[in-house]
Amino acid sequence: IVIRSMSNVWAIAWKELRVYFQTPTAYIVGSMFVLQAGIWFGFNIAGVNPEASVRPWFGQASNFFILLAPLLTMRLLAEEQKLGTMELLLTAPIRDWEVVVGKYIASAVTLIVTLAFTLYFVLMIYVFGGPDSGPIMAAYLGMILYGGAALSIGMLASSLTNNQIVAAVLGIGTLGVLTVIDNIGTRLGGAGKEIVDGISLDAHFTDFARGIVDISHLVYYLSIIAVFLFLTVRAVETRRWR
């Protein structure tokens, strides 16, 4: 059963990966992300106090996930519903969670490939300087986890509608709130700040950008992924009863 399930998951993931890279979506979104990373890297090198480091754009790059994740996930389930192919998937010998996980894996692989292109800037630092590898590796781990959490939120948004634009707006809105909510926490102070920081995507990324890997942050991002994928599966399951 496990082997069959994994086979179904990878078949769906492979199908979605081919769609990503056979259409302009992955290339346009990826180019936007790499361009944004390059701009921040350039500002850092050519600034008033130039520094051969990629750390400044690590913090800024996380904010770009607000747009990147919903754009990558908006069609995954919404398009299936619009075209009527979701019913075919639900009647096929494939479990709902296999559909969701397969599509999620495809979006995660696309995200990681996009992040891989930013290693060019890291390579430049190694060529012209001697950076500490630890903080860079921690920052990339944080970006993968942050991106993975953002994708799971985008997946849920895509499962709630058959309109890609609405799915993108829902995803961007939710991610925007979870990203900037820590700014409200700074005004609350005390227990209020701890609660707000506890649910903020951005607050948990700060330590990774500084080169610090904290188990609590790992648990947070993995929990976000698990919860939102679970909610996505439940949203897909409701289609069986409509």
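Just so we're clear, the structure is a prediction, and the values are computed from it rather than from any experiment.
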Measuring from atom [atom1] of [X] to atom [atom2] of [Y], what distance do you get when rounded to the nearest 0.5 angstrom?
X	Y	atom1	atom2	result
Leu68	Thr73	CG	OG1	9.0 Å
Tyr146	Leu115	OH	CG	13.0 Å
Met155	Leu77	CE	CG	4.5 Å
Leu72	Leu67	CG	CG	11.0 Å
Lys103	Leu17	NZ	CG	11.0 Å
Ser7	Glu98	OG	CD	9.0 Å

Residue pair [X] / [Y]: nearest heavy atoms and the distance that separates them:
X	Y	value
Gln164	Met74	O-CB, 3.6 Å
Asp207	His217	OD2-NE2, 2.9 Å
Ala168	Pro70	O-CB, 3.7 Å
Ser152	Ile224	OG-O, 3.7 Å
Gly171	Ala157	N-CB, 3.7 Å
Thr23	Val19	OG1-O, 2.7 Å

If the plane angle is over 60° it's perpendicular, under 30° parallel, otherwise tilted; pick one for [X] and [Y].
X	Y	value
His204	Tyr220	parallel
Phe33	Phe65	parallel
Tyr221	Phe208	tilted

*Hey, is the main chain of Gly154 close enough, under 3.5 Å, to the side chain of Ser158 for a donor-acceptor pair?*
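No, because the side chain of Ser158 does not come within donor-acceptor range (under 3.5 Å) of the backbone of Gly154.
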*Passes side-chain contact (heavy atoms from CB on, under 4.5 Å), Asp96 versus Val100? Steps please.*
CA-CA 6 Å; Asp96 299 330; Val100 172; 5.6 Å; no
*Residues Trp97, Val236; criterion side-chain contact (heavy atoms from CB on, under 4.5 Å); working and verdict*: CA-CA 9 Å; Trp97 71 265; Val236 172; over 6 Å; no
*Hey, are Asn163 and Thr161 close enough side-chain-wise for a donor-acceptor pair under 3.5 Å?*
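No donor-acceptor contact under 3.5 Å links the two side chains.
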Going only through I, L, V, M, F, W and Y residues with side-chain contacts under 4.5 Å, is there a path from [X] to [Y]?
X	Y	value
Phe228	Val169	no
Ile136	Ile212	no
Met137	Tyr140	no
Val166	Leu71	no
Leu145	Leu111	yes

*asked:* For Ile66, run the side chain to side chain contact (heavy atoms under 4.5 Å, CB included) check against Thr174, Thr179, Leu178, Asp202 and tell me which one passes.
replied: Thr179
*Between Tyr20 and Ser107, does a side-chain contact (heavy atoms from CB on, under 4.5 Å) hold up when you go through it step by step?*
CA-CA 8 Å; Tyr20 271 126; Ser107 65; 3.5 Å; yes
*Apply side chain to side chain donor-acceptor pair (under 3.5 Å) to Tyr104 and list each qualifying residue two or more places apart in sequence or on a separate chain.*
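Applying side chain to side chain donor-acceptor pair (under 3.5 Å) to Tyr104 gives none.
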*asked:* Take a 6.0 Å sphere around CZ of Phe21 and say whether it holds more than 12 heavy atoms from other residues, nucleotides or ligands.
replied: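 Result for CZ/Phe21: enclosed.
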*Decide yes or no on side-chain contact (heavy atoms from CB on, under 4.5 Å) for Thr114 and Val29, but give the supporting numbers first.*
CA-CA 9 Å; Thr114 300; Val29 175; over 6 Å; no
